Amino acid sequence: MPTMSYRDAIRQAMLEEMRRDPAVVVFCEDARFWTMPTHGFVDEFGPERVPIMPISEEGFTGAAIGAAMTGLRPIVDYTIANLMYVAWDQIVNHAAKNRYLFGGQASVPIVFRAAMKYANATAAQHSDRPYPQLMNVPGLKIVVPSNPADALGLLKSAIRDDDPVVYFEPLRLWGTKGEVPEGEHLVPLGKAAICREGTDVTVVAIGDAVPAALKAAEVLSGEGVDLEVVDPRTLVPLDKATILDSVAKTGRLVIADPAHKTCGAAAEVAAIVAEEGFASLRAPIVRVVAPDVHPPFSPALEALMYPSPARVIAAVQSVAPAELMAR
Amino acid sequence: MPTMSYRDAIRQAMLEEMRRDPAVVVFCEDARFWTMPTHGFVDEFGPERVPIMPISEEGFTGAAIGAAMTGLRPIVDYTIANLMYVAWDQIVNHAAKNRYLFGGQASVPIVFRAAMKYANATAAQHSDRPYPQLMNVPGLKIVVPSNPADALGLLKSAIRDDDPVVYFEPLRLWGTKGEVPEGEHLVPLGKAAICREGTDVTVVAIGDAVPAALKAAEVLSGEGVDLEVVDPRTLVPLDKATILDSVAKTGRLVIADPAHKTCGAAAEVAAIVAEEGFASLRAPIVRVVAPDVHPPFSPALEALMYPSPARVIAAVQSVAPAELMAR
Amino acid sequence: MKTEEQLEAMRRMLRIRRFEEAVMDIVRKGQGIAGAVHICVGQEATIVGSCLALRDDDFMVGYHRSHGHPIAKGAQLRPLMAELMGRRTGVCRGKGGSMHLADFRVGSLGETAIVGAGIPQAVGAAYGARLRGTDQVALCFFGDGAANIGSFHEGLNLASLWSAGVVFVCENNRYAMSTALADTMAAGSVAERAASYQMPGTIVDGQDVISVFEAVSMAVERARAGEGPTLIEAHTYRYRDHAEYGNLKLSHRPEDEVEEWRRRDPISVFSAQLLASGVAEEELREIEEQVAAEVADAVAFAKASPAPDPDELFDDLWATPLEVH
Amino acid sequence: MKTEEQLEAMRRMLRIRRFEEAVMDIVRKGQGIAGAVHICVGQEATIVGSCLALRDDDFMVGYHRSHGHPIAKGAQLRPLMAELMGRRTGVCRGKGGSMHLADFRVGSLGETAIVGAGIPQAVGAAYGARLRGTDQVALCFFGDGAANIGSFHEGLNLASLWSAGVVFVCENNRYAMSTALADTMAAGSVAERAASYQMPGTIVDGQDVISVFEAVSMAVERARAGEGPTLIEAHTYRYRDHAEYGNLKLSHRPEDEVEEWRRRDPISVFSAQLLASGVAEEELREIEEQVAAEVADAVAFAKASPAPDPDELFDDLWATPLEVH
Ligand SMILES: Cc1ncc(C[n+]2csc(CCOP(=O)(O)OP(=O)(O)O)c2C)c(N)n1
Ligand SMILES: Cc1ncc(C[n+]2csc(CCOP(=O)(O)OP(=O)(O)O)c2C)c(N)n1
Ligand SMILES: [Mg+2]
Ligand SMILES: [Mg+2]
């Protein structure tokens, strides 16, 4: 299988879909800039499909909605997830709601791309992981790929989907490489991946907490603790069945997520299991998440924010079966 | 004790604080309009403290932040909670973050008022309950009063607090009346109220789910099931201790909240109890919340959305001790 | 405008007027329209004059005061009235209500309850038309209150940059709720703000359906030819308060101001013009009667329609629901 | 400008230039400035000319390219450099970094990483000053890229309505990242948009510190007298790319454009003017040396300062933390 970086996978997905479907357009500031996965797209697809964008996030999000309701399939790239806040009304009050409000007369097939720059010393206004906020809004599908193959396959599915999909990219994964299946690769929305099978503790990990959880699993397997690592990949709709099945097997749940704790994605997973999987739970559910404080600029402090293998290990140790911990 | 409507309590709180402190100002569109709790304020406080506002939520929220960082204490009234989305960047990226970003050099003492018009046939763009989204943002204190006395006392505390406080008002409570203590009445932020003591099941209820829960408690007490009803009142910071103590006593938890389910306030309460109160839990945690769909216009459909006494009763019956249910 | 078009203009203005009167009647009697309604009576000439300048396949975007706009664009009355009554036969199946009367069959792309938010959406529809190779034009209505919100600025700038085929019609009825435009806009007129976006901006008498039609027609021509957007400010007036609040008397406007505008009622004025130009009184009476019957039929249809079933609550949330839940 | 003021202008421009050079040096060598830095070298005349028109107790709001702005407003260099290095001695205790160099002691109300968001905040500071009974003025900087965002529109409209004592200085360096202003703004100039808000708008040579000082001084006078806001567009240029990206050569600008602007370097030009007006070369050299020493001291201070302790992570999130957690 060919190897590809996460960033190139994003680029590849957009390229393939734009070649396949002339209705796909890209709204992105500085789309021609060398750092952007859309670098070179203007040359191939022309300035009509990749227009030069003023700094007008609210405006071009609204324009994407109008275009989407009348036949196009825009990809709106905010380049930094925090910039979605400027366009929040268009995303939350309109993209998510218009189809419902209009009784299904029109769809809003947009992909909102949002790179999350946390762990990069860009401070609070450029480091948010806002997917929990949007998970509270019906009508938006939400995706957080954790590796290049999923980045490619989920983005292609998102572009083809007839609903608005918000596609979150942990920027520190952009440079990571991984194998990508040959030929056309589609990953269905709404299907979790079991990244590692195990029997003792389930770790549900999101975004770049997945590699952290896998490292933790490696370390702990040396200590005789066998983790099952589940990557939901799609947060809305969430593949509850896979999570509940795993907890039914292990009876123990740790959730690792770089987003903030309160009302976060981890809270939702915990609530679902406390509600629908209670009978199988044999220990408290533990959240390994960002504490409820803004990402500080100082790298020394920011290093404390996100799930690390060490934090996952500590959490697992606090809930793993006593007989395993005693060994 | 005098009786007062929820709406008049809001008005009274603002009046008292504006009279007490000349730094308090009000930014509100149509503040002079008869439906507004600020009706008449321009006459008493002058157009400098209650300026005529253009439809510029983002602009006047930013202006409130600049004024707050330099000595004023603005009350920003969005009149409809959904309109906060237009100002989301200023609220989330700035009001919530500036103090932290600037290392404590300045505070942002603003009260953001947001009336929630749900259950009022105004459809999806005017019916949101967005507090879960903001609970995921550190730096904002969040309040949802459920009765006139709390509406008064929490708003006065919020205005005096040096941090940004978002004050959510379920519009359908505006007309409800209740007793309000004589003299100056302050309710501290961060303290839950036990609205009804009970032994069998804890119901944590938010906003106008509180009256629904109390009605459910009345009905169920006739059936021999004794509910404890806890109203957090402040969602950030949340009075975890009161909730955990209650669950330690009852072993059973139902959470009733008119906000959406996924990543909602109820999810957070469930996650906290599954994490920190697991040992005392004797049944699955049940959420009685709005389903993940937008509030529809049609009253026939919207009636299905929010927690009702009947829904709370059904939830309690699904988790109450079998011996009680058998009676 | 040819005589036939003039009669059609008359018919549509009357349709709006009678429809709104029926709505007010139902609200007053508590017969089944829930929530807030924003009545556009008084503004019919602007709405109809603008929409008649469009082709059937052109787009139109409304705002919160837009019962009349889909009607002007050619929508049928039954599904509109049923929507206002929250019935399953409503144009939005009861999901949208008063502020969201989309009717995509006639190019009515919907309305928004968020002031100004429709502006960039209309720009996007026009951009999309160009890209899809059609010459469809997008007409975008908004109130004077929208002139001070960010979307206005961003939307007009984008439209101009893209030479988008969009026509902006600001229905300046002088107030946003109770607030006079003069108190909130630091500019002499909405139209003069067009200069900031290098687009033509004109003021038109919004009570004169022919003037509106002519101004918008010119702008539509420009738009269709790829020459870019136009901002038209129509001076008009709403007879009713911001919304219907039962029988309370609330207006913050001077009583004689309302009376003054009523004297220039767009339908009476136009009716007199038509008669003067030789149209037979009978012909107008016939239109009146047909419209009255249509509206009565729409009300009867709506009242007879069932409310949505509880199991319709989740319908139309997703275009492609996924099987995981 | 009196000679003394001119020398102070020279000193501050040099401070910014040398400070930024030190920053670039540290970044290049990987010696401890993390994250993105946006260097303002080339724009010193606009920044200093504007800030010198203020009183010490006046307010100033910057944006993402604002290492220089607090310096121009009179801030000490040590806490600024320590902030860039993420130290606990930083002006924001390491919480803000490059895009948030607030220094409230000198009226620097902070900077935002969100384009345009500082505009309404500056308006609010000016509104507040009026209400608090002071005659403090707020100076608000932003880039040309901010001219197309909603906050610009809403902020300028509010400022004009309130006759707020605010002076808007748009540092038009012709690009937003790699995008030329001409490609994104449907207007002949930023300044001409002032007309939409009934405020004066002027263009000034941003490379000439005296011209900037004079234009801003007039605007400040107007603002202080309660006569309202002014929009000043300063034509200027950044020598560096949007941000520092290591050694890559990335500029999307024609090489000769950069060279052309460098020939009108604001510091060289002003230095020649000062000499021509009779200032002794020695005096300038002395300033040069003092500034170099200050910057070296700031770097040494920053490097010697400790990183924040892990237990400082939560500090300053709340003004009044509540005891419940
Ligand atoms: C962004 C936003 N702010 C405020 C409101 C509340 N609101 C609804 S209609 C209205 C007045 C709008 O006035 P205008 O645009 O002139 O339209 P009109 O009602 O006069 O037709 C206001 C303030 C809203 N819906 N959206
Ligand atoms: C609202 C918003 N959109 C986009 C960005 C990303 N961004 C950061 S700086 C910048 C260019 C700004 O250009 P300009 O305002 O001219 O300032 P300059 O960098 O030239 O000094 C962009 C697009 C942002 N920070 N905020
Ligand atoms: Mg109006
Ligand atoms: Mg620039």
Side-chain angles (χ1 to χ4, degrees), chain A residues 58 82-94 96-97 100-101 123-125 128 130-139 235-236 238 253 255 259-279 281 283-287 291-294 296-297, chain B residues 58 82-94 96-97 100-101 123-125 128 130-139 235-236 238 253 255 259-279 281 283-287 291-294 296-297:
Chain A
E58 193 173 18
N82 292 60
L83 302 182
M84 306 180 87
Y85 298 144
V86 181
W88 209 250
D89 171 66
Q90 289 290 352
I91 299 169
V92 171
N93 267 335
H94 295 87
K97 294 175 180 170
Y100 190 75
L101 277 170
Q125 288 175 347
D128 275 357
Y131 42 86
Q133 295 178 52
L134 293 178
M135 290 171 70
N136 190 243
V137 178
L235 297 178
V236 177
L238 184 68
L253 175 61
I255 310 155
H260 282 127
K261 181 172 190 173
T262 294
C263 292
E268 179 59 28
V269 172
I272 288 170
V273 173
E275 201 161 12
E276 301 178 40
F278 183 73
L281 265 186
I285 299 172
V286 181
R287 290 182 277 178
D292 286 327
V293 70
H294 305 298
F297 164 70
Chain B
E58 191 173 21
N82 292 60
L83 303 182
M84 306 180 87
Y85 298 144
V86 181
W88 209 251
D89 171 66
Q90 289 289 352
I91 299 169
V92 171
N93 267 335
H94 295 88
K97 293 175 181 170
Y100 189 76
L101 277 170
Q125 288 176 347
D128 275 358
Y131 42 86
Q133 296 178 50
L134 293 177
M135 290 170 71
N136 190 244
V137 178
L235 297 178
V236 178
L238 184 68
L253 176 61
I255 310 156
H260 282 128
K261 182 172 190 174
T262 294
C263 291
E268 178 59 28
V269 172
I272 288 171
V273 173
E275 199 162 13
E276 301 179 41
F278 183 73
L281 266 184
I285 299 172
V286 181
R287 290 183 275 178
D292 287 327
V293 69
H294 305 297
F297 164 70

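Source: prediction; values computed, not measured. Atom set for the values below is all heavy atoms of this structure, side chains included, hydrogens, waters and symmetry mates excluded. Residue numbering restarts at 1 for every chain, and letters A, B, ... go by the order of the sequence lines.
For the set Ala270(B), Gly277(B), Ala124(B), the count of heavy-atom pairs under 4.5 angstrom toward chain A peaks at Ala124(B). With chain A as the partner, the residue from Met135(B), Lys261(B), Arg287(B), Met84(B) showing the most heavy-atom pairs under 4.5 Å is Arg287(B). Among Ala265(A), Gly264(A), Ala274(A), Ala123(A), the residue making the largest number of heavy-atom pairs under 4.5 Å with chain B is Ala274(A). Among Gly139(A), Pro296(A), Ala283(A), the residue making the largest number of heavy-atom pairs under 4.5 Å with chain B is Ala283(A).
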Kindly determine whether Val86(A) and Glu58(B) satisfy side chain to side chain contact (heavy atoms under 4.5 Å, CB included), including the steps that lead there.
CA-CA 9 Å; Val86(A) 181; Glu58(B) 191 173 21; 4.2 Å; yes
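Between Trp88(B) and Trp88(A), the angle of the ring planes stays under 30°, which puts this pair in the parallel group of the 30/60° scheme.
Heavy atoms closer than 4.5 Å to chain A are found in both the backbone and the side chain of Ile285(B). Neither the backbone nor the side chain of Ile255(A) comes within contact range of chain B; no heavy atoms are under 4.5 Å apart. With a 4.5 angstrom heavy-atom cutoff, Ile272(B) touches chain A via backbone and side-chain atoms both. Interface remark: Gln90(B) contributes no atoms to any contact with chain A (heavy atom separation under 4.5 Å). Looking at Phe278(B), the atoms closer than 4.5 Å to chain A (heavy atoms on both sides) all sit in the side chain, from C-beta outward. For a residue to count as touching a neighbouring chain, one of its non-hydrogen atoms must lie under 4.5 Å from one of that chain's; by this rule Leu235(B) does not touch chain A.
Of all non-hydrogen atoms in Tyr100(B) and His294(A), the two that sit nearest each other are CE2-O, 3.4 Å.
The side-chain heavy atoms of His260(B) and Pro138(A), taken from C-beta on, include a pair separated by under 4.5 Å.
Partner Pro132(A) forms a side-chain contact (heavy atoms from CB on, under 4.5 Å) with one of Asn136(B), Val137(B), Thr262(B) and no other, that one being Asn136(B).
The main-chain N or O of Asp128(B) is found under 3.5 Å from a side-chain atom of Asn82(B) such that the two form a donor-acceptor pair.
Taking the ring pair (Phe, Tyr, Trp, His ring centres under 6.0 Å) definition, one finds that His94(B) meets it with nothing, sequence neighbours left out.
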